[in-house]
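Report on the following structure.
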Amino acid sequence: MSPRRVLIALLFAAWPGLGRAQLDPFDQALVQPDQIIESVDIRGNGRTQEGVIRRRILLAEGDLVDDRLVQASRLRLLGTGFFSEVDFSLERGSRRGRVILVVTVEERNTVVVDRLYLGTSPVSRLFGGLGVADGNFLGRGVTLGGTFALGEDRQAVEARTFLPSLADTALQLSASFIFVRGAELLDASQEDGFQLRYRRVGGTFGLGIGVGPAQRVSVIYRLESVNADRLPNLDPPVLRQAPSIQFDESVISTVRLGYERDTRNDPFVPTSGDQLAFGIELGTSLLGSDYEFSKYTGSGALALEPFPAHSLVFRAEAGLIQGQAAFFDQFFIGDHTYFAFGRDSLPRAVQLNFSEANDYDDLLLGGGVEYALPLYQGRSGIYRIYLYAGVEAVVTASLDEVQEDPSGRSTGGFFPMSFDLGLKMDTLLGAFTLSSAYIAELFL
């Protein structure tokens, strides 16, 4: 993008703040053979309910002390983002061979800014957005959040909630609501040209179950009403570039099966563990959907610690869509890359496209590596600052050759490598990423 077209290309993408991942080893000198836990004592929790903490501790009264389960429990508690510090210790019990397992937590702010958008583009002279989430609503471990984005001819609101444990069982509930009024530029070379205007309203309801300390499977039902304005009579080449959608009123009704595993010690800047996620989404007339398609996605990440507190993360992702999916369900290249030469697309904000490009495709394949170097660690206001650098290669393609064009719809239409350099900051208000890849849009 040129300086004329982009005056502000700063995008902060944030995730709910997470506890620091440097863990003190459990005091092995206190662990003696065949020690039985007499009780588990929770200390330091002023806001978080005790039951929320106990559900994530893999040891209970009557169990033998097991250092491996202690370490896993510490990771589970830190991974919630509710605490900045978690320590386990042992105290003498009522008689020989009995001990008290003491869990001491230091709570942190869980109401955070988890999305912040600001920029300009040819299709919107100024756009912005904000997301706020509480990962520990009323101290019950429930996630409650909302995000909005708005710009010229484009507005969206999204709300979501997640209940990690239903009545102290392994069952989990999730729900979301979304309203979108959007537009897509048909021809990127004509900034004042025709736009496809559409509206979406709907939501999801999901049921999950924890199948292990760091694994879950889920079933999510999605229902949306879509209304798209009809396009006037345009030249066939322009119409062929129009994003895929049914005009007038239509319905999207799908079911998604998902599997997730996350053993990372810190989802923001991990130094150990891995993450896997697989999903299959089916839209069918049997569910009342006007769009019949299947969508297959998979992603993985592996975190290493080459030096103390340094983070090296390898990532890979893939996706495939068969059938006729609406364009906003397809893969948008801007959502999966850093800045790359030859592409004029930024990540979507609350599923709104503020770029002039409309690179929606059916096939996705990518991978990359990111390195984070610690610069600062404190305790008040700003917890951690990292300098990071990343490189990745991502390609998308259309399974329908009619939609391919040399501007980016096929894998050969752009340079597949992208790069980034910036700062990651874990603060009282959230964990933010400041990316120089988007600042580069000021000059290119």
Side-chain angles (χ1 to χ4, degrees), residues 12-29 67-89 104-106 108 112 213-214 261-277 299-317 337-339 366-394 417-440:
F12 288 85
W15 295 265
L18 301 162
R20 293 191 292 276
Q22 292 185 342
L23 308 178
D24 296 328
F26 192 53
D27 191 349
Q28 295 291 331
D67 180 58
R68 293 172 301 177
L69 295 180
V70 169
Q71 296 292 350
S73 300
R74 180 186 283 113
L75 291 176
R76 284 163 60 88
L77 288 170
L78 282 171
T80 63
F82 307 161
F83 313 108
S84 58
E85 296 286 354
V86 176
D87 294 312
F88 282 69
S89 60
T104 304
V105 299
E106 181 178 327
R108 62 174 291 170
V112 298
R261 165 182 157 156
D262 193 347
T263 64
R264 297 173 299 171
N265 60 348
D266 182 346
F268 186 51
V269 183
T271 55
S272 66
D274 59 72
Q275 179 195 29
L276 292 173
S299 63
L302 175 64
L304 303 173
E305 188 177 22
F307 302 101
H310 289 224
S311 171
L312 176 64
V313 178
F314 297 91
R315 293 192 299 267
E317 61 180 336
T337 62
Y338 302 130
F339 169 76
V369 59
E370 188 171 282
Y371 193 96
L373 171 72
L375 298 180
Y376 170 82
Q377 181 168 331
R379 296 185 63 86
S380 60
I382 299 177
Y383 302 127
R384 298 175 293 168
I385 299 178
Y386 292 86
L387 174 68
Y388 78 92
V391 59
E392 60 187 3
V394 178
M417 300 295 294
S418 60
F419 313 89
D420 198 11
L421 179 69
L423 295 176
K424 290 179 177 285
M425 298 171 287
D426 184 12
T427 74
L428 179 67
L429 295 179
F432 299 91
T433 299
L434 174 59
S435 167
S436 64
Y438 300 99
I439 299 176

To the nearest 0.5 Å, atom CG of L312 lies from atom OG of S272 at 12.5 Å

- Could you please spell out the steps behind the side-chain hydrogen bond (donor to acceptor under 3.5 Å, both in side chains) verdict for T271 and N265? CA-CA 7 Å; T271 55; N265 60 348; 2.7 Å; yes

By side-chain hydrogen bond (donor to acceptor under 3.5 Å, both in side chains), Y376 pairs with (sequence neighbours left out) none

Taken to the nearest 0.5 Å, the spacing of T263 OG1 from D274 CG works out to 3.5 Å

For residues Q71 and R68, is any side-chain donor paired with an opposing acceptor at under 3.5 Å?
no

One should read off an interatomic distance between T433 OG1 and M425 CE, to the nearest 0.5 angstrom, of 8.0 Å

Distance col, row R315:CZ vs E392:CD, nearest 0.5 angstrom, shows 6.0 Å

Heavy atoms of F432 and F268 approach each other most closely as O-CZ, 3.5 Å

Those residues at least two apart in sequence (or on a different chain) that pass side-chain hydrogen bond (donor to acceptor under 3.5 Å, both in side chains) with Q275 are none

When every non-hydrogen atom of T427 is compared with those of R108, the smallest separation belongs to O-NH2, 3.1 Å

The reported gap from OG in S84 to CG in L78 (rounded to nearest 0.5 angstrom) is 9.0 Å

When every non-hydrogen atom of L387 is compared with those of G422, the smallest separation belongs to CD1-O, 3.4 Å

F314 meets the ring-ring contact (aromatic ring centres under 6.0 Å, His included) criterion, sequence neighbours left out, with none

In short, Y338 meets G390 closest at the heavy-atom pair CE1-C, 3.6 Å

When rounded to the nearest 0.5 Å, the distance separating OG1 of T104 from CZ of F83 is 11.5 Å

Sorted by chain and number, sequence neighbours left out, side-chain contact (heavy atoms from CB on, under 4.5 Å) with S73 holds for I57, L58, F88

For P270 and V313, the nearest pair of non-hydrogen atoms, with its separation, is CG-CG2, 3.9 Å

A372 meets the side-chain contact (heavy atoms from CB on, under 4.5 Å) criterion, sequence neighbours left out, with V269, S311, Y386, Y388

Quiz item: Taking C-beta and beyond as the side chain, do S418 and V394 meet within less than 4.5 Å on heavy atoms?
Solution: no

